[in-house]
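Below is one structure, written out as structure tokens; comments come after it.
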Amino acid sequence: MTDLTVPQQLIARSNRLGSDPKNTNYAGGNTSAKGTETDPVTGRPVELVWVKGSGGDLGTLQEAGLAVLRLDRMRALVDVYPGIEREDEMVAAFDYCLHGKGGAAPSIDTAMHGLVDAAHVDHLHPDSGIAIATAADGEALTSKIYGDKVVWVPWRRPGFQLGLDIAAIKEKNPQAVGCILGGHGITAWGDTSDEAEANSLWIIDTAAAYIAQNSKAEPFGPALDGYGALPEAERRAKAAALAGTIRGIASKDRPMVGHFSDADVVLDFLAAAEHPRLAALGTSCPDHFLRTKVKPLVLDLPASASVEDSIARLKELHEAYREDYQGYYDRNATADSPAIRGADPLIVLVPGVGMFSFGKDKQTARVAGEFYTNAINVMRGAEGLSTYAPIDEAEKFRIEYWALEEAKLQRMPKPKPMASRIAFITGAAGGIGKATAKKLAAEGACVVIADLDLAKAQAAASEIGGADVALGVAADVSDEVAVQAAIDAAVLAFGGIDLVVNNAGLSLSKSLLDTTGEDFDLQHRVMAKGSFLVSKAAATVMIAQEMGGDIIYISSKNSVFAGPNNIAYSATKANQAHQVRLLAAELGAHGIKVNGVNPDGVVQGSGIFASGWGANRAAVYGVEEKDLGKFYAQRTILKKEVLPEHIANAVFVLCGPEMTHTTGLHVPVDAGVAAAFLR
């Protein structure tokens, strides 16, 4: 006998089920448990039901993510249920059944859990179960596979009536352990938590085994000539070359972050003859198409098609997709339907290359891709046994533009200023670059930490956030091939690039006579040439996206100030400063702003100062190296030391929402050095 409380048992079961993708997709499905506790008001026992709340994920569910309702009050709602035409009102009624303080908001599936006469209930979205649920003869397959232990439930939109339907089935079929919900998923139950979990797994695994043993050899049809997967290096290079255009396609109505997958399941689907027909049918499970739209955009060219031909065709298909989606909306919308939420695809499939998925942030984009992978698995299972037959268009629309779904979207917090933007920052493992990456990530951006030292870049990225926020890449900015590889890694990770910060640098403090030709060339290779190479590679992506963008140069007060023993460094900084003006003039036609920041005396956290520059400059000025920051502060008008965070703040302002009409500007961040005033 377990010593766990009822909610603890529920959490443990939910985490086990949700941690295995064969059982359910991310944030998909819900679980519940019923039990008795003492009512703190009356001191008497009260029957409760604990249910996974709206929007939670089973794999990571904690007790705060449960909604707790009084069972007597929830079941009393049956007596006031106004009928299917008004069943959405029941979700608000659940709030009047809540017990205690805190907890999550009850989901639309709460009725299923409260009304079914079983102590423990699981509702899941396994690929194998949905394959049976979306097969044209799903009802017959359910009977054949499970006998009378699992009952078929025809498609019904999630809600109070579905809860009543399943409760009635449970009552009429005492031998049954669960249901297949047509077009949707599975529900299972048990007298104990272990029994419910075992029944859920039995339904899932039995369906998977039956599909494996009985599926036709080629459920997606024979191989389509020319549509097979390209070799890995070739397909990823092509993916990177297409990424900017594809992100622009997905972002015409609103900016999106992207995710790329070339998993075998995707490549195999696109290599088969039936993929155009199946993709056009769209997904079925509500969790799927709410995140992927009703269907993807599929490039109808072979893998061997050139990048140029692929781009041209993708643009044509995008216009057709938008017209088709508008038609879908117009055919199904009613007077009280929410406004159309955009007509761009969230999934773009490229034969031989892979899948691009999109969302408001990286996690949403990644999950959308995972869901379409689930949909491919569902189609494979259904086609292998029968014919894939998802729910019809009208039902999809009713869920996609459900008033309850719209209300959930309206409750989402306001996005941060840099949300959906992707920043590529060079020399970002420390100092100014790292501070800038932290600032932009804190304001909602995805950040790519590019640095000569890969290990340090990856460490900085891990410090800032997980893979959905930050990526560390190696980048020798003086090497054109290395720069392109770093840019490609960025666009494959996040879909594109919106913002570049040219920060990588080094400095040699030598007099004219001591400066060698190699010293001079080294400074210019890293900062002048490096900034040029990064800007060129990133601008290529930005132009393809047609979304504008920002390029920021971290120049220096020395770009305008003439000081001693500084010929190579200062000349290079002057080169960078003029690149700002040149690129601002050229790239403005594409909506790309180019601006600069001129710091001075940023000693703390500086790799340049730590590598000998600080000692040299201290010697030039006749101070101790440890006092160099204070020395620089005292020579400024404001008498304040400049820190990396101050430069990061300037970068944010230049590319933030308040400076949309400024380009070609250099902003001094030097605490006031009169000799470096811009004239």
Check your understanding: Who pairs with S107 by side chain to side chain contact (heavy atoms under 4.5 Å, CB included), at least two apart in sequence or on another chain?
Key ->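 Counting only residues at least two positions away or on another chain, S107 forms a side chain to side chain contact (heavy atoms under 4.5 Å, CB included) with N30, S54, D109, T110.
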How would you list all residue pairs meeting salt bridge (charged side-chain N to carboxylate O under 4.0 Å, His left out) that involve [range], not counting sequence neighbours?
| range | value |
| --- | --- |
| residues 165-190 | R156-D165 |
| residues 367-378 | R366-E370 |
| residues 20-41 | K22-D205, D39-R70 |

Practice item. Compare every heavy atom of Y26 with every heavy atom of F371, then report the nearest pair and how far apart it is. Key: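 Scanning both residues, the minimum pair turns out to be CZ-O, 3.1 Å.
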Point to revise | E645 versus N649, side-chain donor and acceptor atoms under 3.5 Å | key: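 There is no such pair (donor and acceptor under 3.5 Å, judged by atom type) between the side chains of N649 and E645.
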Please state whether the rings of [X] and [Y] are parallel, tilted or perpendicular, taking 30° and 60° as the class boundaries.
| X | Y | value |
| --- | --- | --- |
| H123 | H125 | perpendicular |
| F397 | Y329 | perpendicular |
| F160 | Y81 | tilted |

Review point. For the ring pair H113 and H120, is the centre-to-centre distance below 6.0 Å?
Key: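 Not under 6.0 Å, so no.
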Practice item. Could I get the full list of side chain to side chain donor-acceptor pair (under 3.5 Å) partners for N332, not counting sequence neighbours? Key: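 Residues passing side chain to side chain donor-acceptor pair (under 3.5 Å) with N332: E393.
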Point to revise | Residue pairs fulfilling ring-ring contact (aromatic ring centres under 6.0 Å, His included) with at least one residue in residues 188-212, sequence neighbours excluded | key: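 Sorted pair list: Y146-W202.
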